[in-house]
Amino acid sequence: MDQLSIVGGGIGGLAAALSLGHLGSTTQLLEQADLFVEVGAGIGLGPNALRRLQDWGLDKPLRSRGFIPSELEVRSAHDGQVLGVLPMADDFQRRYGAPYMTIHRADLHKVLLDAVQAQGMSDLQLSKCLIAIANSADGVQLTLQNADQSHSSLQASALLASDGVNSAVRRQLWGPAGLQASGHWAYRTLMPRHLLPAVWRSDAMGLWLGERLHVVHYPVSGGEWFNLVVLLESADQPSGPGWDQQRLPEQTQADLHHALQGTTSRLQDLVRMAEHWRAWALFDTAPLSSAQGMSQGRVALLGDAAHPMLPYLAQGAGMAIEDAQAFAKHWHQAQLNPQQRLRAYADERWRRVGRVQQRARRNAQIFHAAGGLAWARDWGMRLGGAWAMDQPWLYAY
Ligand SMILES: Cc1cc2nc3c(=O)[nH]c(=O)nc-3n(C[C@H](O)[C@H](O)[C@H](O)COP(=O)(O)OP(=O)(O)OC[C@H]3O[C@@H](n4cnc5c(N)ncnc54)[C@H](O)[C@@H]3O)c2cc1C
């Protein structure tokens, strides 16, 4: 029996453990943190991700923690005019077999963790930080650092690395080059929805497009919280990808104030209502151009470890969930050896995720456009309406 180790217990690693368990595979999941916790704020799950989560039996817990927005309403950040509306709830259910859901990352993580624990097919080990890996024709040898700083080693038939955007496995086996600071930053905050003026309490998802910035908001946590994100371009150098860049509150306010100049006062008033912001420096890599970018011998990458992307298509977690389902399917091809199974997974996934990475980069230009391009975008949306905004290639997958 081939022993599979998974490194990284975020959304991607847990989704993989769950999907593998559903098909009858046991796994060992190694997570560096002392506790399984997830930080962050809201994320959107397209029907492509939600259908897979439903297949794993998670519809009920997700619906009790998530929120189903009625529609996506796109506006000009400059004057607040509506550019287009995409109906989502029932329309998406009809067209794509699942609605669009918004959910706090911590809630999604908890739903996955509970399901993996209830399933009992995965040996979850905390305080195990992977620090080195040897990938040979016979197996993989992992060197781990434990909570007391001691080291231990572990042998497995194959490794699935879901260790995030800063993946140690990707750096070690694929080389340190590739991860790039995009010059884009996300400022995220959550506010109790009942404290907001009525105009901000609709069930729609809002997207406001401006010059060198955009703003996204939607309800999460069953509608209790209002998730607000300002995505802007800045020349500031980040210390690395991830949460809580060293930004003083007054720096944050100055960044937001500067970026929102020239936008409608309605948007500026909303941003001023929020007190606690967290900054996330956005990094990505060039879109995947071959299966080698996702598997090498007995090691495969999944989620952000494989394909860091800008959140401008709202699909990072969605792609990790799709990866997880595809990986489990190929790991079950008993007639293949582990290298072949991992390669079959990468062969299936690289074009799809490469396309999503590329479209996320393109959206950065379109969302933040100025001048003629912004004018063409706005008229394209006004004339094309829902048809111009929908993305069947993404959601029907
Ligand atoms: C501003 C912003 C908005 C976003 N919005 C959306 C959205 O709307 N929709 C969407 O689908 N996605 C969105 N995303 C992306 C999404 O959050 C990520 O793509 C997703 O969480 C990636 O999951 P992951 O499991 O691959 O990585 P992570 O969640 O980063 O998990 C990696 C795990 O590996 C562990 N780990 C790391 N190194 C080691 C090691 N050496 N040894 C052991 N363990 C290790 C970490 O502790 C962590 O638990 C957004 C991202 C950002 C920044």
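All values derive from a computational prediction rather than experimental measurement. Just so you know, ligand 1 is whichever comes first in the structure, and atom 1 is the first atom listed for that ligand.
Counting only residues at least two apart or on different chains, the salt bridge (Lys or Arg N to Asp or Glu O under 4.0 Å) pairs with a member in residues 50-67 are D59-R63, R65-D107. Judged as a side chain to side chain donor-acceptor pair (under 3.5 Å), the pairs with a partner in residues 302-315 (not counting sequence neighbours) are, in order, N48-Q315, H184-Y312, H307-D323.
Both the sub-6.0 Å distance and the 45° axial angle are satisfied by R266 relative to the ring of W200. Geometrically, R170 does not engage W174 in a cation-pi contact, judged by NZ or CZ lying under 6.0 Å from the ring centre and within 45° of the ring axis.
Between F92 and Y96, the ring planes lie perpendicular to each other; the angle is over 60°, past the 30° to 60° tilted range.
Protein residues with any heavy atom under 4.0 Å from ligand 1: V7, G8, G9, G10, I11, G12, L30, E31, Q32, E38, I43, G44, R105, K128, C129, L130, S162, D163, G164, A186, R188, W280, L282, G303, D304, P311, A314, Q315, G316, A317, G318.
Grouped with M121 in a hydrophobic cluster is no other residue, since no side-chain heavy-atom contact under 4.5 Å to another Ile, Leu, Val, Met, Phe, Trp or Tyr is found.
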